[in-house]
Amino acid sequence: MRLRALVASGLAAGVVLLSAPAAVAMEEEHEIPVGVEENSDLGEEELHCLAEQVAAFEALEANPEAGSRVETCEESPNPILPATNEIVWGGIAFLVVFFLMWKFAVPAIRKGLQAREDRIRSDLEAAEAAKQEAENLRGQYQQQIADARAEAGRIIDEARQAADAMRRDVHESAEAEATAARARAESEIDLTVSRAQSDLQREVADFAVRLAERIVERNLDRDAQQALIDQYIAEVGGLGGNGRSRGGNGSGGSASDN
Amino acid sequence: MTTEATPGVLDDYALALFAAARGEDMLDLVEDQLFSVARAFEANDELRQKLSDQQIPVATREAIIEDLLGEGAAVITRALVSFIVAAGRASQLPGIVDAFVDAAAASRQHVVGEVRSAVALDEQQQRQLAQALSRATGKTVEVKVVIDPSVVGGVVAQVGDQVIDGSVRSRLQQLREGL
């Protein structure tokens, strides 16, 4: 539909443009002097004017009274203002072309421009989105890099702290073991000394008691034995009914329940 | 044959001995002789081992008992000791004899006071000691004297579960502990 409108408007414009100069040329034709056609730098109107002037000059030579026409020709050429019929036909053609352009070409062009604008906008938006996504990805990568660096730093710190803690633990453990070993050694030394003192004391006591036994046995003759027995009888008789008193002079009895 | 030393078994044997001795009307004599045999049995490890050895024939052990009791022992005393040894209760002889002595004393409304001394006590000392122990325990005490050199000097008396120790040995032991 749009292509067909463009083709129709183009054909109409071509017809108008081709028909207007043809009509003008049909309405007035002038013979261009020989030799002037070779000058391709001149315009068509200038050629016509030049031809008219040449004709007027020839007529003036033939009839000097006809000089006013030459003067008219010299005054009429206006490079800007075209001839009236040309203006009319040109205006009609312009209006037709303008109408056709306005009716068919402009909407199509506008639609094409709009489509192109939309496509460009879409492309720009896509590019912007891609750029934004790239920015986001770059931000994510940078964040990941920063996180990785922070993680690496944290791991290094933890490893350093763990190493410090382990070093402290080993040091403290070694000190504790050394202290415990020293304490054990001191305790064993004290125990050994105490045991030796106790053994020595017991040996001394045993020796003293054995010595006392020998002395007592040597001095315990029959009279002494009888005296001890009599003393025991006297002390047991003095216990009364309780049976719990204890001899107080070193040879009396002590009562106990088995 | 079992050799388990349970109080009930010891009491049964003691009551059997007691009935036999009283039946013969020789309770005091048998009591003294059995008491002496029991104390000798306690003091002599070799004697205790031989009489308790079931591998040694009974006749051999009875011969050992004959030698131990001597000629002065009553026939019933020999018979009772032989009976205990033949019954396989030799290792429990001291316990059986102690239960027998207690039963005999109880029949007289008395209790037995076992007195250990390094030297023998004369009759007067035994009588005074029995009176003293009776006053101390509140019971009528019969004294049974055991000569025990380990006492060194003085006397150790045991009446029932009560021990009254006045020996030099205990004094020396106290001295040892004090040192």
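Each chain gets a letter, A, B and so on, in the order its sequence line appears, and its residues count up from 1.
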Is it the side chain or the backbone of A:Ala234 that comes within 4.5 Å of chain B heavy atoms, both, or neither?
-> neither

Closest heavy-atom contact between A:Gln225 and B:Ala118?
-> NE2-CB, 3.9 Å

Nearest non-hydrogen partners of A:Val236 and B:Ala136, listed with the distance = O-CB, 3.7 Å

Please determine whether the number of non-hydrogen atoms from other residues, nucleotides or ligands lying under 6.0 Å from atom [atom1] of [X] exceeds 12.
X	atom1	answer
A:Glu158	CD	yes
B:Asp25	CG	no
B:Arg22	CZ	no
A:Arg154	CZ	yes
B:Gln49	CD	no

Looking at B:Leu133, B:Val159, B:Leu129, B:Leu175, which makes the most heavy-atom pairs under 4.5 Å with chain A?
-> B:Leu129

Considering only heavy atoms from C-beta outward, does the side chain of B:Val119 approach that of A:Gln226 to under 4.5 Å?
-> yes

Quick one: are B:Gln125 and A:Ile233 in side-chain contact, heavy atoms under 4.5 Å?
-> yes

With A:Glu213 as reference, evaluate B:Val152, B:Leu172, B:Val168 under the side chain to side chain contact (heavy atoms under 4.5 Å, CB included) test and give the passing residue.
->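 In the set B:Val152, B:Leu172, B:Val168, the residue that makes a side chain to side chain contact (heavy atoms under 4.5 Å, CB included) with A:Glu213 is B:Leu172.
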
B:Ala120, part contacting chain A, at a heavy-atom distance under 4.5 Å |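 B:Ala120 touches chain A through backbone heavy atoms alone.
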
Using atom types as modelled and distance alone, determine if a side-chain donor or acceptor of A:Tyr232 lies under 3.5 Å from a backbone N or O of B:Asp165.
-> no

